[in-house]
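To start, the structure itself, in structure tokens.
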Amino acid sequence: MCRDILARHEDTISVRNPSIAVLRLKRILVAALDLSNSGGFQAMSLRDLSEKSGMSTGGLYAYFDSKTTLLRMILAQVTHVVETVLTDPPEAVTDDPVAHLRWMVDAHLRLTEDLLPWFVFAFMEAKNFPPAERRLAIDSEALTEGLFADVIKTGIAQGQFRSETSELLPALIKPLLQDWYVKRAKYRRREISLEAYSGTVKDIILRYCVPNAGEL
């Protein structure tokens with residue numbers, strides 16, 4: 001991910017040695033996410049980030065010129081990863097909307113599990129983002145909804161999903177996916193595994209939109 005960010009932000013990052021740049025960028029991002037998720041991005045100062053990352057303030061400015069630029073890097077990467085993963089399903093599921101929808105739920109939940117600090121940050125901090133960055137977060141959520149909507153429309157067209165399936169369904173799926181990473185402590189206390197949670201979400205969705213869902 002850091003290599004990807006480096007490649008897409010060459011105009012902002014002045015460090016030219018990729019091996020050094022990637023390692024230091026990782027330190028910055030890990031520190032920024034840790035500080036933000038514990039105390040808030042707005043409350044995080046560059047001094048805090050410098051101390052947490054072990055880099056000088058001048059060293060930080062070699063990677064971003066402001067906290068807003070750093071914010072854009074994080075948000076853009078979350079969106080990029082979601083789009084990259086969810087638009088690359090296995091060939092085995094692409095012709096079967098039911099299997100495709102199941103795969104998308106699993107893929108999204110596993111992605112947020114692997115990148116938990118990134119997704120928690122994007123969700124919890126959104127209300128405090130400046131207008132332009134808040135729009136990025138809204139667009140990212142709309143992207144996810146759109147990808148689910150496309151699969152559902154295909155299922156309706158093929159007769160695998162009910163024709164009366166509500167257009168609101170993709171918007172209702174998103175909160176179910178978000179709940180897994182936003183309320184992780186709740187599910188840990190209840191000893192709910194990722195597999196169990198994913199299975200329940202898929203069951204809820206498919207029982208609503210698939211005729212004779214009990215036979216799936």
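For the pair E145 and I173, the minimum side-chain heavy-atom distance is 4.5 Å or more. Counting heavy atoms from C-beta on, the side chains of L49 and M55 never come closer than 4.5 Å. You'll find the side chain of Q77 reaches within 4.5 Å of the side chain of R8, heavy atoms only.
Among residues two or more places apart in sequence or in another chain, the side-chain hydrogen bond (donor to acceptor under 3.5 Å, both in side chains) test is passed with D96 by none. Listed by chain and residue number, V120, V182 satisfy the side-chain contact (heavy atoms from CB on, under 4.5 Å) test with M124 (two or more places apart in sequence, or in another chain). In this structure, the side-chain contact (heavy atoms from CB on, under 4.5 Å) partners of S198, at least two apart in sequence or on a different chain, are V105, D106, L109, K202. Listed by chain and residue number, F119 satisfy the ring pair (Phe, Tyr, Trp, His ring centres under 6.0 Å) test with Y181 (two or more places apart in sequence, or in another chain). Here W118 pairs with nothing under the ring pair (Phe, Tyr, Trp, His ring centres under 6.0 Å) rule; sequence neighbours left out.
A salt bridge links D139 with R135: the closest approach of a Lys/Arg side-chain nitrogen to an acidic carboxylate oxygen falls below 4.0 angstrom. A salt bridge does not link R16 to E10: none of the charged side-chain nitrogens sits closer than 4.0 Å to a carboxylate oxygen. With respect to E133 and R72, a salt bridge is recorded, a charged nitrogen being found less than 4.0 Å from a carboxylate O.
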Inset, instruction - Please step through side chain to side chain donor-acceptor pair (under 3.5 Å) for the pair S45 and D48, ending with a clear verdict. - result: CA-CA 5 Å; S45 68; D48 295 332; 3.0 Å; yes
Inset, instruction - Begin with the C-alpha distance, continue with both residues' side-chain angles, and end with the deciding distance and a verdict on side chain to side chain contact (heavy atoms under 4.5 Å, CB included) for T69 and H9. - result: CA-CA 10 Å; T69 299; H9 293 275; 5.7 Å; no
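Note that CG of L6 and CD1 of I20 are 11.5 Å apart. Values are rounded to the nearest 0.5 Å. Atom CD of E83 sits about 8.5 Å away from atom OG1 of T79, to the nearest 0.5 Å. Rounding to the nearest 0.5 Å places CG of L116 at 6.5 Å from CZ of R184. A distance of 12.5 Å separates CG in D34 from CG in L29, rounded to the nearest 0.5 Å.
Side-chain N or O atoms of D203 include none that pairs as donor or acceptor with a backbone N or O of G199 at under 3.5 Å.
Contact between A31 and K52 at its shortest, heavy atoms only, is CB-CG, 3.3 Å. Here the closest heavy-atom approach between residue E125 and residue Q42 is recorded as OE1-N, 4.2 Å.
Relative ring orientation between Y197 and Y187 is described as perpendicular, the plane-to-plane angle rising above 60° on a 0-90° scale split at 30° and 60°.
Applying the ring pair (Phe, Tyr, Trp, His ring centres under 6.0 Å) test to pairs two or more places apart or on separate chains, those with a residue in residues 23-64 are F41-F121.
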